[in-house]
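Reminder, nothing fancy here: chain letters follow the sequence lines and each chain counts from 1.
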Amino acid sequence: MAVNKIEICLKEVLKKAIIDLEYVDDYSVDKIVIEIPKDKAHGDYSSNIAMQLTKILKRNPREIAQGIIEAIDKEAGNIDHVEIAGPGFINLFLRKDAMTSIIKEVLEEKDNYGKTKYGKGTKYNVEFVSANPTGDLHLGHARGAAVGDCICRIMNAAGYDVTREYYINDAGNQITNLALSLYARYLQALGYEKQLPEDGYHGQDIIDIASQIKEEIGERYVDADEKEAIAYFRKVGTEFELQKIKDILNEYRVSYDVWFSETSLYDENKVEPTIQKLTDKGYTYEADGALWFKSTEFGDDKDRVLVKTDGSYTYLTPDIAYHLNKLDRGYEYLVDLLGADHHGYINRMKAAIQALGYNADQLNIDIMQMVRMVENGEVVKMSKRTGNAVTIKDLIDDIGVDATRYFFASKSGSSPFDFDLGLAKSQSNDNPVYYAQYAHARMCSILNQAKNACIDVSDHYELLVHTKEIELVKHINEFRNEVIESAKLRAPHKITNYIQRLAQLFHSFYNDCYVIDENNKELSSQRLSLVVASQITLKNALNLVGVEAPEKM
RNA sequence: AGCGAUGUAGCUCAGGGGAUAGAGCAGCCGCCUCCUAAGCGGCAGGUCGAGCGUUCAAAUCGCUUCAUCGCUGCCA
């Protein structure tokens, strides 16, 4: 489904030409590729249709192209002239005013410009971050949070119905461990001797929480039954940690629709019936005193244990119940954003949902490659200030929400990347995000000046014929396509690339085309319309990656 | 050993069948009596890890190979 009027029109015109020429009986418009050439000397758009047709027609592509350019209806396509180039490209040069009509559309749609119904309201559940509530979120989570949040914003804009979800692992051993660690720190805070568990949480955050708890409850659990005490610290520890996670994500401008508790799976008895379902379908067996899931029947490397010899579940078991629950809630597709260290998880979870009657392609697990912090070419594991792993908080404090988010959103999640903190800090003023924000501030400044000079936007644009104006208009015209592409690939960096280019084209236009000119109000007014369209588009694009569009800098 | 990811400019990364391979940062040279110089214009910088294949066309697809990282629990 195409959403760009000009492109639809050009494809129709090309289609009509090849049918009129009897090159083909019929041809799907979707198969006709037109693209914007990198080099504008190759036209506003180009098509490789003649080269594609060589296979069917068994003729020289330039010959085929010659036929097409003679048959093409230039009037209907708003085409100025057509050229054949290279091996058989058809380069289309549009009339100068062909694309300026997009300005009017943008001015009318305002905040909605860029939004489409492309996704047809398909229900998606996107789960991301889902870190255990046992400590602060760090570097890897910061990447997952930024990318996940951007994906949701972008998919929403492209017309998908997206639910953002966080799975809280609040039932496993790690929470018991948290409780034991807190209990120890609590007693220590009151001056009692108590050893931290061997594999306990040694971080400063645990000490801080314990001290807060001490302030609230005093010595209440000093002489209490240990079981009772641990149950208390389990509950209160999870609440504290979760609240910290919510607070920092909020500060990071990441929001959720659903916070799903693992414990609720047990409270609502979802786990045992899930195992039963697998057993009923014949996908489990007992061996070595454990209950196994025959995941190999669905392409996994080996079968997986569901119930351990000691009767407890592996981590996988509640996770299967959780994924089943999500699918049963009516989402057509699930997306999980996971760190690269969890990639082994893909096959077994896909196996599980297939065993439970769903399709493998309903679960999309996007793997986020690792983030390493590097300084002077050395990998740094710890924050210099706190001595702990680098947290989102460190990033926000050091380089700011906008720059951090933009930085993560700019990189494809599938490539590992080295985050040079020293560089990010020292060059924060030259960070690409400021380049884009500065462009926006400039636009707003012009808008203010125009208001003072009593210049208003125009609804016709025939004077916008400068190269810089045309280039800017063409890029604005591409925005909806770019949002759709980005949504389909779940690739926010497509949007930051778009933003970068938009800012660049605007800065260049700004230098060559003076907007406010009291002696030429008509041109001023038309240019002002272009500035408004640029400002709306840039603001909407920045919003898709959760970055502010400042009016002043 | 097997599975996965990655290898593109000095650095961090885009491009993922199509024309002369791009951006930001770093470097060099120019541009403010005029809407924000956090800007613009220009220069320099590349065996797209290597090899073989598929194709009219390969950085892009396939195979081989080298390198780096991750995973290969009845941990979560």
Side-chain angles (χ1 to χ4, degrees), chain A residues 33 35 37-39 41-42 46 48 51-52 54-55 60-62 85-89 91 132 134 169 171-175 177 199 262 287-292 301-302 304-316 318-319 339-347 367-370 372 374 377 407 410-420 423-424 426-439 441-450 452-453 455 491 493-494 496-497 500-501 503-504 506-517 524 527-528 531 552-553:
Chain A
V33 178
E35 55 179 24
K38 289 173 200 160
D39 184 345
H42 295 138
S46 76
N48 63 354
M51 276 119 83
Q52 282 185 337
T54 50
K55 280 206 178 73
N60 178 310
R62 290 191 65 107
F89 286 104
N91 293 341
N132 292 344
T134 53
N169 283 101
N173 290 331
Q174 72 285 353
I175 300 294
N177 200 350
D199 53 351
E262 181 185 357
D288 307 324
L291 185 73
W292 296 71
D301 301 338
K302 48 182 283 195
R304 308 289 165 177
V305 172
L306 292 172
V307 183
K308 294 186 263 185
T309 327
D310 68 1
S312 65
Y313 301 131
T314 60
Y315 78 95
L316 182 64
D319 266 14
D341 50 342
H342 287 75
H343 105 266
Y345 179 94
I346 299 175
N347 283 340
I367 292 298
M368 304 288 307
Q369 292 299 323
M370 294 299 184
R372 294 190 308 177
V374 174
F407 198 66
S410 309
K411 318 293 175 192
S412 162
S414 62
S415 44
F417 93 91
D418 290 344
F419 188 120
D420 191 324
L423 197 71
S426 69
Q427 298 171 352
S428 62
N429 259 13
D430 297 318
N431 191 299
V433 71
Y434 295 104
Y435 180 81
Q437 290 182 318
Y438 184 60
R442 268 187 160 174
M443 293 168 187
C444 292
S445 175
I446 294 173
L447 266 39
N448 281 330
Q449 306 272 341
N452 294 338
I455 295 168
H493 71 268
K494 295 229 169 244
T496 57
N497 284 351
Q500 208 58 31
R501 177 79 178 142
Q504 183 188 0
F506 180 79
H507 283 309
S508 187
F509 157 82
Y510 176 92
N511 272 269
D512 282 11
C513 303
Y514 206 88
V515 178
I516 314 284
D517 182 355
S524 285
R527 282 185 170 164
L528 185 68
V531 175
K552 276 183 185 166
M553 282 178 80

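Taking the side chain as every heavy atom from C-beta outward, P432(A) and Q500(A) approach each other to under 4.5 Å. Residues I346(A) and I367(A) meet the side-chain proximity criterion, which asks for heavy atoms closer than 4.5 Å. Counting only heavy atoms from C-beta outward, the side chains of S46(A) and P37(A) approach each other to under 4.5 Å.
Nucleotide U33(B): unpaired (no Watson-Crick or G-U wobble partner with both distances less than 3.5 Å). In this entry U68(B) has A5(B) as its Watson-Crick or G-U wobble partner, both defining distances falling under 3.5 Å. Under the Watson-Crick or G-U wobble criterion, with both distances below 3.5 Å, C74(B) is left unpaired in every strand shown. If you check G22(B) for Watson-Crick or wobble pairing at under 3.5 angstrom, you find it paired to C13(B). Across all strands shown, A38(B) remains unpaired; no Watson-Crick or G-U wobble contact has both distances below 3.5 Å. The partner of C43(B), taking Watson-Crick or G-U wobble pairs whose two distances both stay under 3.5 Å, is G27(B).
U60(B) and G16(B) have their P atoms separated by 13 Å, with the value rounded to a whole Å. Spacing between G27(B) and G10(B) at atom C1', rounded to whole Å, works out to 9 Å. The C1' atoms of A50(B) and C3(B) are separated by 23 Å, rounded to the nearest whole Å. Comparing the C1' positions of C11(B) and G2(B) gives an interatomic distance of 34 Å, to the nearest angstrom. The P atoms of G41(B) and A5(B) are separated by 39 Å, rounded to the nearest whole Å. Rounded to whole Å, the separation between the C1' atoms of A44(B) and A1(B) comes to 47 Å. For the P atoms, the distance linking U47(B) with G30(B) amounts to 29 Å, nearest Å. When the C1' atom is used for both G42(B) and C52(B), the distance is 42 Å, rounded to whole Å.
In terms of heavy-atom proximity, I455(A) sits nearest to D517(A) at CD1-N, 4.4 Å. Residue T496(A) comes nearest to S410(A) through the heavy atom pair OG1-CA, 3.3 Å, listed as atom of the first residue, atom of the second, then distance.
N347(A) places no side-chain N or O within 3.5 Å of a backbone atom of D301(A) that could act as its donor or acceptor partner. Formation of a donor-acceptor pair under 3.5 Å by the D288(A) side chain with backbone atoms of A290(A) is not found in this model.
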Item to check | Sequence-aligned protein contact record of nucleotides 68-76 of chain B, with B where the base is within under 4.0 Å of a protein heavy atom and S where only the sugar-phosphate is | outcome: --BS-SBSB

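No N or O donor and acceptor, one from the side chain of S410(A) and one from the base of A14(B), sit under 3.5 Å apart.
Nucleotides of RNA chain B nearest to K411(A) and E35(A) differ in position, and the one nearer the 5' end is that of K411(A). Mapped onto RNA chain B by nearest heavy atom, F89(A) and D418(A) fall at different nucleotides, with D418(A) at the one closer to the 5' end.
Ring orientation note: the planes of F506(A) and Y510(A) are tilted relative to one another, at an angle of 30° to 60°.
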Checklist entry - Between Y313(A) and L306(A), does a side chain to side chain contact (heavy atoms under 4.5 Å, CB included) hold up when you go through it step by step? => result CA-CA 6 Å; Y313(A) 301 131; L306(A) 292 172; over 6 Å; no

Next on the checklist: Run Q174(A) and N169(A) through side chain to side chain contact (heavy atoms under 4.5 Å, CB included) and show every step you take.
Outcome noted: CA-CA 9 Å; Q174(A) 72 285 353; N169(A) 283 101; 3.6 Å; yes

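If you take CG of N91(A) and P of G18(B), they are 15 Å apart, rounded to a whole angstrom. For Y510(A) and C31(B), the OH to P distance is 19 Å, given to the nearest whole Å. Between the C1' atom of C35(B) and the CG atom of N452(A) lies a distance of 11 Å, rounded to the nearest Å.
The phosphate of A5(B) has neither OP1 nor OP2 within less than 4.0 Å of any side-chain N or O from S412(A).
Using a 4.0 Å heavy-atom distance criterion, C513(A) is classed as a base contact. P87(A) comes within contact range of at least one nucleobase, with a heavy-atom separation under 4.0 Å.
In this structure, F417(A) forms no aromatic stack with the base of U12(B), since the conditions of centre separation below 5.5 Å and plane angle below 30° are not both met.
For C32(B), the glycosidic angle deviates from 0 by 90° or less, giving a syn base.
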Heteroatom pairs (N/O) under 3.5 angstrom, protein to nucleotides 40-42 of chain B:
residue, atom, partner, partner atom, Å
C40(B), OP1, Y435(A), OH, 2.5
C40(B), O4', N511(A), ND2, 3.0
G41(B), OP1, S508(A), OG, 3.2

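Legend: residues meeting ring-ring contact (aromatic ring centres under 6.0 Å, His included) with H507(A), ordered by chain and number and at least two apart, are Y435(A), Y438(A).
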